[in-house]
Amino acid sequence: MKTSSTSERLKEIMNRKGLKQIDIVTLCQPICKKYGLRLGRNDISQYVNGKVEPGQDKITVLSEALNVSEAWLMGYDVPKEKPKDDKTVSDKDLMFALFGGEVSDEALEEVKRFAAFVKSKGEDNN
């Protein structure tokens, strides 16, 4: 059940950690770069003041930067901490799942090279 707003949760984190809006922007920058997103001072100001609710992509960035669960940041009555079982799947685990067995390091590198090639072709068409 939703018991709060993202605005209230951001203010709570800011008060508890002694953060300013610009500090949140700074914490978010590496994560924005990772996901290819932009999040500036104006965005944070609007979220903190409750004028705009962040979309799911920005919630993800903010939750990673502030080390809280997305659901908590959205105002739901859930634990603030991220779930312990929130694990990143390794490349090897992904290849095992895709190919149904062990994949050599050489094969894994070949898949990565192919993925980079496909990605570059998509970028050439944009």
Side-chain angles (χ1 to χ4, degrees):
M1 175 170 72
K2 198 163 183 171
T3 60
S4 188
S5 68
T6 301
S7 170
E8 292 167 327
R9 294 288 166 91
L10 285 170
K11 289 175 187 174
E12 181 180 330
I13 291 171
M14 291 170 67
N15 288 334
R16 184 172 292 145
K17 295 185 176 187
L19 297 173
K20 296 178 183 168
Q21 291 180 12
I22 191 65
D23 298 326
I24 294 175
V25 172
T26 302
L27 289 170
C28 289
Q29 290 314 303
I31 299 156
C32 284
K33 187 174 181 180
K34 176 172 113 177
Y35 292 122
L37 298 170
R38 298 176 121 196
L39 194 124
R41 291 188 313 202
N42 189 47
D43 297 310
I44 298 297
S45 175
Q46 290 189 347
Y47 303 155
V48 169
N49 292 313
K51 293 180 181 176
V52 175
E53 281 289 319
Q56 186 59 50
D57 54 350
K58 303 292 175 70
I59 287 286
T60 298
V61 169
L62 287 164
S63 72
E64 283 188 36
L66 299 169
N67 198 29
V68 296
S69 77
E70 292 180 20
W72 181 87
L73 187 57
M74 290 188 294
Y76 288 95
D77 186 21
V78 297
K80 182 169 53 170
E81 297 78 30
K82 290 186 173 204
K84 299 286 186 217
D85 61 352
D86 186 19
K87 297 178 183 172
T88 303
V89 176
S90 73
D91 291 342
K92 284 243 180 200
D93 290 340
L94 180 60
M95 293 298 110
F96 187 89
L98 288 173
F99 298 112
E102 229 10 82
V103 176
S104 69
D105 289 339
E106 295 80 23
L108 180 59
E109 289 307 312
E110 185 64 26
V111 169
K112 287 181 182 180
R113 282 193 294 278
F114 181 69
F117 169 76
V118 170
K119 182 180 178 191
S120 73
K121 290 299 177 189
E123 291 169 354
D124 291 344
N125 292 331
N126 290 332

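Keep in mind that the numbers below use all heavy atoms, side chains included, and drop hydrogens, waters and symmetry copies.
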Does either side chain, that of E70 or that of T60, offer a donor lying less than 3.5 Å from an acceptor on the other one?
yes

If you count heavy atoms of other groups shown closer than 6.0 angstrom to NZ of K51, is the number above 12?
no

Yes or no on side-chain contact (heavy atoms from CB on, under 4.5 Å) for E64 and K34, after CA distance, side-chain angles and deciding distance?
CA-CA 11 Å; E64 283 188 36; K34 176 172 113 177; 3.2 Å; yes

Taking every heavy atom of P79 against every heavy atom of S69, the minimum-distance pair comes out as O-OG, 3.2 Å

Set out, in order, the CA-CA distance, both residues' side-chain angles and the distance that settles side-chain contact (heavy atoms from CB on, under 4.5 Å) for W72 and E81, then state yes or no.
CA-CA 8 Å; W72 181 87; E81 297 78 30; over 6 Å; no

Distance, nearest 0.5 Å, that separates CD of Q29 from CZ of R38
9.5 Å

Give the C-alpha distance, both sets of side-chain angles, the deciding distance and a yes or no for side-chain contact (heavy atoms from CB on, under 4.5 Å) between N49 and S7.
CA-CA 6 Å; N49 292 313; S7 170; 5.9 Å; no

Yes or no on side-chain contact (heavy atoms from CB on, under 4.5 Å) for E109 and V111, after CA distance, side-chain angles and deciding distance?
CA-CA 5 Å; E109 289 307 312; V111 169; over 6 Å; no

Taking only residues two or more places apart in sequence, or in another chain, which ones meet E110 in a salt bridge (Lys or Arg N to Asp or Glu O under 4.0 Å)?
R113

Rounded distance [0.5 Å steps], CG in L73 versus CD1 in I59:
4.5 Å

Ignoring hydrogens, what is the shortest heavy-atom contact between Y47 and L39? Give both atom names and the distance.
CE1-CD1, 4.1 Å

Hey, are the side chains of D43 and V52 touching, using non-hydrogen atoms and a 4.5 Å cut-off?
no

Say you draw a straight line from CG of L37 to CD1 of I31; how long is it, rounded to the nearest 0.5 Å?
10.5 Å

Quick check: closest heavy atoms across K2 and Y76, and the distance to 0.1 Å?
N-CD2, 3.7 Å

For residues 14-27, which side-chain N or O atoms pair as donor and acceptor with protein atoms under 3.5 Å away, sequence neighbours left out?
from: N15; atom 1: ND2; to: K11; atom 2: O; distance (Å): 3.3
from: R16; atom 1: NH1; to: E12; atom 2: OE2; distance (Å): 3.4
from: R16; atom 1: NH2; to: E12; atom 2: OE2; distance (Å): 3.2
from: K17; atom 1: NZ; to: L66; atom 2: O; distance (Å): 3.1
from: D23; atom 1: OD2; to: K20; atom 2: N; distance (Å): 2.8
from: T26; atom 1: OG1; to: I22; atom 2: O; distance (Å): 2.9

